[in-house]
Amino acid sequence: MPELFTTYSPELMAVSLPTWIDLASVVVGSAGGVMVARSRHLDAVGFVGLALLCGLGGGLIRDVMMQVGSVYMLDSPFAIPASVATGLVAFLFPQPLDRAGNLLEWLDITAVALFALVGTDKALVHGFLPASCMLMGIMTGVGGGMLRDVFLGEVPRIFQKSNLYALCAFAGSAAYWCAVVLGSMNKFWGALLCIVVTMGLRRWSLRYNVQTPADVDLGPRVAAPMRRVGRYVRVTRWRTSKYEKDRPVHNVTPPRK
C-alpha cells in the first residue's frame, strides 16, 4: 500500500496514473452511453456510436485542447476496441440493461469521476497551470456526455438546471490537484479522494435535490439599494444647500466708503 503523504519532486510529479485507470474510465463511460442507447431503442450503430462518444469523447476534447502528448484514443491499443466491444455486447445482450434500475445514474457519475481524475492528472503531468488542470478535468469529465446530448439533438445536461453535474467534476479535479500538489499526497490517495468527492457530491445533490440555479436576475436586487443611495444623496444635498441658504450671516465687514 503506498504511503499517504510524500514529498513530490518535479520528476515524480511527471509520473502518470496507471493506464488501467484510463481504460476503466473508457469502459464505464461507454457503458453509460449504451444505457442511453437502450432507452432510445437505437440500432447497433447507435449503441456503438454512443459508446464511443461517451467513452472517448471527453478524452478527445481534452487532447485537442491540450495539444501536447499523444491522443489517447489513437495511441492506446485497447481504448477503441474496448468501447466498441461494450456497445456490441450491450446491443446483443440487452436484458441486463433493462433490469439495471438506476444503474445509468451510477455509471454516469462514476465515469465523470474517473474522467475528471485522468484529465486533471494528464494536465498536471505536462505542467499546466492549476486553472488549466481543473479545466481539463472538467472537460474530460463532461465532454462525452455533452457530445452524446448534442448527437441526440438535446440541450447538453451541463447547460440545464439539474442536480450538480459539471460542478462535481470541478470539485473532484480541485480535490485531486490540491491533494497532490498542495498536500504532497501520493497519487493513489489523491485519486481515491477525487472519486469520493465527485461521487459523494453528486449523491448529496440527488439526495437533497440540490440543483444549479436558472433564470437568475440580480438586476432588481442590485438596483433597489442603488436607488436608495441615490435618493439619500439627493436629499442630503438638498438639505445642505437649504441650510447654507437660510443660515444668517455674521461678522460681515461693512464695505468702505
Side-chain angles (χ1 to χ4, degrees), residues 8 10 13-17 19 21-22 24-26 28-29 32-33 52-76 79 108-151 155-185 187 189-202 205 210-214 216:
Y8 266 97
M13 191 70 73
V15 177
S16 301
L17 290 169
T19 55
I21 296 182
D22 290 274
S25 64
V26 170
V28 174
L52 288 170
L53 286 174
C54 295
L56 302 172
L60 179 61
I61 294 176
R62 173 202 63 207
D63 295 336
V64 170
M65 293 178 65
M66 290 180 59
Q67 297 187 8
V68 293
S70 61
V71 178
Y72 171 73
M73 65 175 290
L74 302 180
D75 187 60
S76 172
D108 204 18
I109 193 56
T110 304
V112 170
L114 292 173
F115 282 134
L117 169 63
V118 297
T120 307
D121 183 71
K122 184 170 184 178
L124 183 62
V125 166
H126 288 282
F128 278 64
L129 296 173
S132 301
C133 292
M134 296 174 196
L135 178 61
M136 291 302 98
I138 295 171
M139 293 307 301
T140 312
V142 304
M146 182 172 61
L147 291 177
R148 174 199 64 201
D149 296 337
V150 170
F151 274 70
V155 178
R157 185 186 305 180
I158 63 173
F159 301 146
Q160 301 182 43
K161 179 181 179 180
S162 61
N163 298 101
L164 305 184
Y165 190 69
L167 291 178
C168 296
F170 168 73
S173 300
Y176 180 74
W177 188 91
C178 291
V180 173
V181 178
L182 300 182
S184 298
M185 185 180 290
K187 282 192 173 183
W189 297 106
L192 185 61
L193 177 64
C194 174
I195 295 173
V196 170
V197 169
T198 305
M199 298 184 66
L201 187 59
R202 173 67 173 177
S205 68
V210 179
Q211 296 185 342
T212 52
V216 177

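Just so we're clear, the structure is a prediction, and the values are computed from it rather than from any experiment.
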D149 CG to F159 CZ distance, which is reported to the nearest 0.5 Å
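Answer for the CG-CZ pair, D149 versus F159, is 9.5 Å.
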Quick one: pull up CG in D108 and SG in C54 and give me the separation to the nearest 0.5 Å.
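Answer for the CG-SG pair, D108 versus C54, is 8.0 Å.
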With distance as the sole test, does S25 use its side chain to make a donor-acceptor pair with the main-chain N or O of D22 at under 3.5 Å?
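Confirmed, S25 side chain pairs with D22 backbone.
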Listed by chain and number, what are the side-chain contact (heavy atoms from CB on, under 4.5 Å) partners of S132, not counting sequence neighbours?
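By the side-chain contact (heavy atoms from CB on, under 4.5 Å) rule, S132 matches F128, L129.
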Listed partners of T110 passing side-chain contact (heavy atoms from CB on, under 4.5 Å), at least two apart
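side-chain contact (heavy atoms from CB on, under 4.5 Å) check on T110 returns V28, L114, M199.
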Throw together a table of side-chain donor-acceptor distances under 3.5 angstrom for residues 166-177, partners on residues two or more places apart or in other chains.
residue	atom	partner	partner atom	Å
S173	OG	T120	OG1	3.0
S173	OG	A169	O	2.9
Y176	OH	D121	OD1	2.7

Is any side-chain heavy atom of [Y] closer than 4.5 Å to one of [X]?
{"X": "I61", "Y": "T140", "answer": "no"}
{"X": "L124", "Y": "M134", "answer": "no"}
{"X": "H126", "Y": "M136", "answer": "no"}
{"X": "M146", "Y": "M139", "answer": "yes"}

Please report, to 0.1 Å, the donor-acceptor pairs under 3.5 Å made by any side chain of residues 65-73, with sequence neighbours excluded.
none

Applying side-chain hydrogen bond (donor to acceptor under 3.5 Å, both in side chains), can you list everything that pairs with Q211, at least two apart in sequence or on another chain?
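So Q211 forms a side-chain hydrogen bond (donor to acceptor under 3.5 Å, both in side chains) with N209.
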C194 versus A113, closest heavy-atom pair with distance
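Heavy atoms of C194 and A113 come nearest at SG-O, 4.0 Å.
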Under the salt bridge (Lys or Arg N to Asp or Glu O under 4.0 Å) test, which residues partner D63, sequence neighbours left out?
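By the salt bridge (Lys or Arg N to Asp or Glu O under 4.0 Å) rule, D63 matches K122.
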Residue from V118, V26, I195 passing side chain to side chain contact (heavy atoms under 4.5 Å, CB included) with I21:
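That would be V118; it is the only one of V118, V26, I195 passing the side chain to side chain contact (heavy atoms under 4.5 Å, CB included) with I21.
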